[in-house]
Amino acid sequence: MEEEDTINLNPCELGTKSYWDSAYETEIKNYLDNGDIGEIWFDESSQTRIIKWLNKQDTSKDASIIDLGTGNGAMLFELSEAEYTNLTGVDYSEKSIELAQKIAIDQDQPHITFKVCDLLADVTELGRFDVCHDKGTFDAIGLMNDAFDKKEIYTKNVFDLLNDKGLFIITSCNFTELELTKSFSNYFDKFEVIPSQTFQFGGKVGKTTTSICFKKKETLSK
Ligand SMILES: C[S@@+](CC[C@H](N)C(=O)[O-])C[C@H]1O[C@@H](n2cnc3c(N)ncnc32)[C@H](O)[C@@H]1O
């Protein structure tokens, strides 16, 4: 496959399964000790923003929503609070799913489905969804060895997981709007940039994260 000129990051431990297994093992211990559900990547406000935006699109409360690389499942618990009812979370770390399932039982949210799944393997058995949500997972994949090929496999798998008129919503701290749009351009068109917090320094406006909603391309170029 020919290398394109999107940013290539140096591989690091955040791109390995062993890193996440050990992180969630620690988080399970902390949760059992003091009830702390653990890290919410990019802060709770990043979840609220996405949910507000979904509400504005008149997304049906029973739309099927999958959280890709769900971690502790916090996004799905927020969605459930916002009365979304058809929720699935997947992660390749068994420990992440163990943590999310424990929290779901304690928060009396047994209707949320959590499954162990590697998003770089065969995902067909998961079915198809109206909304695919990613917060920080594409970022982690971008830090793996052979990230260029893995990002491509991930993108094709998300395409297969999404219903034809569905929404793919991604929040990233490692890639800019331009880089995300380019990375997904074989399979998705940019639909809308979801406003995120900006900061100003020396007269320049910057962002710490980028959230974008993509829609499937109707025809794929060969
Ligand atoms: C930065 S964390 C984000 C967790 C969660 N989405 C959040 O916002 O709090 C990245 C997550 O992606 C998961 N992940 C990384 N590569 C994956 C893969 N190939 N398949 C499934 N999950 C993966 C990790 O286990 C981890 O839970």
Side-chain angles (χ1 to χ4, degrees), residues 9 11-28 30-31 36-51 53-54 65-81 87-104 107 112-126 129 131-161 168-175 180 183 194 196-197 208-212:
L9 305 169
C12 75
E13 56 172 4
L14 271 77
T16 63
K17 182 170 178 293
S18 56
Y19 172 85
W20 294 108
D21 284 343
S22 120
Y24 291 119
E25 196 160 351
T26 305
E27 296 214 338
I28 290 173
N30 291 339
Y31 179 65
D36 176 2
I37 70 160
E39 178 142 18
I40 297 176
W41 286 77
F42 318 146
D43 203 42
E44 257 180 82
S45 60
S46 63
Q47 303 186 154
T48 318
R49 260 187 303 117
I50 302 289
I51 295 173
W53 186 86
L54 272 176
I65 303 179
I66 185 167
D67 190 26
L68 307 166
T70 195
N72 56 16
M75 179 64 176
L76 295 170
F77 300 128
E78 275 298 303
L79 282 160
S80 178
E81 287 280 303
L87 303 172
T88 301
V90 294
D91 203 291
Y92 74 165
S93 167
E94 295 81 1
K95 293 288 168 191
S96 135
I97 296 304
E98 191 182 324
L99 173 62
Q101 279 171 334
K102 279 190 200 301
I103 300 169
Q107 292 195 3
I112 304 177
T113 305
F114 288 105
K115 286 182 190 161
V116 176
C117 173
D118 183 352
L119 292 161
L120 301 176
D122 184 357
V123 294
T124 45
E125 71 164 33
L126 292 174
F129 296 84
V131 178
C132 288
H133 173 263
D134 171 329
K135 181 159 63 68
T137 302
F138 186 71
D139 284 348
I141 290 170
L143 295 168
M144 290 178 169
N145 287 320
D146 302 325
F148 180 79
D149 289 344
K150 288 180 177 152
K151 286 190 290 180
E152 189 66 17
I153 295 169
Y154 174 85
T155 309
K156 163 79 170 65
N157 280 350
V158 176
F159 181 87
D160 290 340
L161 283 171
F168 168 36
I169 300 172
I170 178 161
T171 299
S172 166
C173 69
N174 284 346
F175 300 102
L180 292 171
S183 279
I194 301 171
S196 56
Q197 250 177 348
T208 48
T209 59
T210 302
S211 296
I212 307 184

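Along the sequence shown, residues are numbered consecutively beginning with 1. In listed order, ligands and their atoms are each counted from 1.
Close contacts of ligand 1 with L120, meaning ligand atoms under 4.0 Å from a residue heavy atom, involve 19 (N). The distance from ligand 1 to the heavy atoms of M144 drops below 4.0 Å at these ligand atoms: 16 (N). Interface of C117 with ligand 1, defined as ligand atoms under 4.0 Å from a residue heavy atom, comprises 20 (N), 21 (C). Atoms of ligand 1 found under 4.0 Å from any heavy atom of T70 (numbered from 1 in listed order, with element): 5 (C). Near G69, meaning under 4.0 Å from any of its heavy atoms, are these atoms of ligand 1: 4 (C), 5 (C), 6 (N), 11 (C), 12 (O), 13 (C), 22 (N). Below 4.0 Å from some heavy atom of L119 lie the following atoms of ligand 1, by number and element: 18 (C), 19 (N), 20 (N), 21 (C). If you number the atoms of ligand 1 from 1 as listed, the ones under 4.0 Å from a heavy atom of G71 come out as 27 (O).
The closest protein non-hydrogen atom to atom 21 (C) of ligand 1 is Y92 N, 3.2 Å. Remark: minimum distance from atom 19 (N) of ligand 1 to any protein heavy atom is reached at D118 OD1, 2.9 Å. Of the protein's non-hydrogen atoms, W20 CH2, 3.5 Å is the one closest to atom 2 (S) of ligand 1. Here the protein heavy atom with the shortest distance to atom 12 (O) of ligand 1 is T137 OG1, 3.3 Å. Taking atom 10 (C) of ligand 1 as the reference point, the nearest protein heavy-atom neighbour is G136 O, 3.7 Å. Given atom 8 (O) of ligand 1, the protein heavy atom at minimum distance is K135 NZ, 2.6 Å.
Between the NZ atom in K17 and the CE atom in M144 there is a gap of 10.5 Å [rounded to 0.5 Å]. Remark: L14 CG to L143 CG distance equals 6.0 Å, nearest 0.5 Å. The CG atom of L9 lies 5.5 Å from the CG atom of N174; values are rounded to the nearest 0.5 Å. Atom-to-atom distance recorded for I112:CD1 and S80:OG is 4.5 Å, nearest 0.5 angstrom. Here CZ of F42 is found 10.5 Å from CD1 of I50. Values are rounded to the nearest 0.5 Å. Of the inter-residue distances, the one linking S93 atom OG with D118 atom CG reads 11.0 Å to the nearest 0.5 angstrom.
Within 6.0 Å of CD on E81 lie no more than 12 heavy atoms contributed by other residues, nucleotides or ligands.
In terms of N/O distances under 3.5 Å, ligand 1 is not approached by S96. Backbone and side-chain nitrogen or oxygen atoms of S93 are examined, and none is located within less than 3.5 angstrom of a nitrogen or oxygen of ligand 1. In terms of polar-atom proximity, defined here as any N/O pair under 3.5 Å, D91 does make such a contact with ligand 1.
Within the structure, the closest approach of Y24 to ligand 1 falls below 4.0 Å when heavy atoms are considered.
Looking at M75 and T171, their side chains never come closer than 4.5 Å, going by heavy atoms from C-beta outward.
Side-chain contact annotation: T70 with D91, donor-acceptor N/O pair under 3.5 Å absent. Under 3.5 Å, the side chains of Y31 and N72 contain no donor-acceptor pair of N or O atoms.
Of all non-hydrogen atoms in Y92 and T16, the two that sit nearest each other are OH-C, 3.4 Å.
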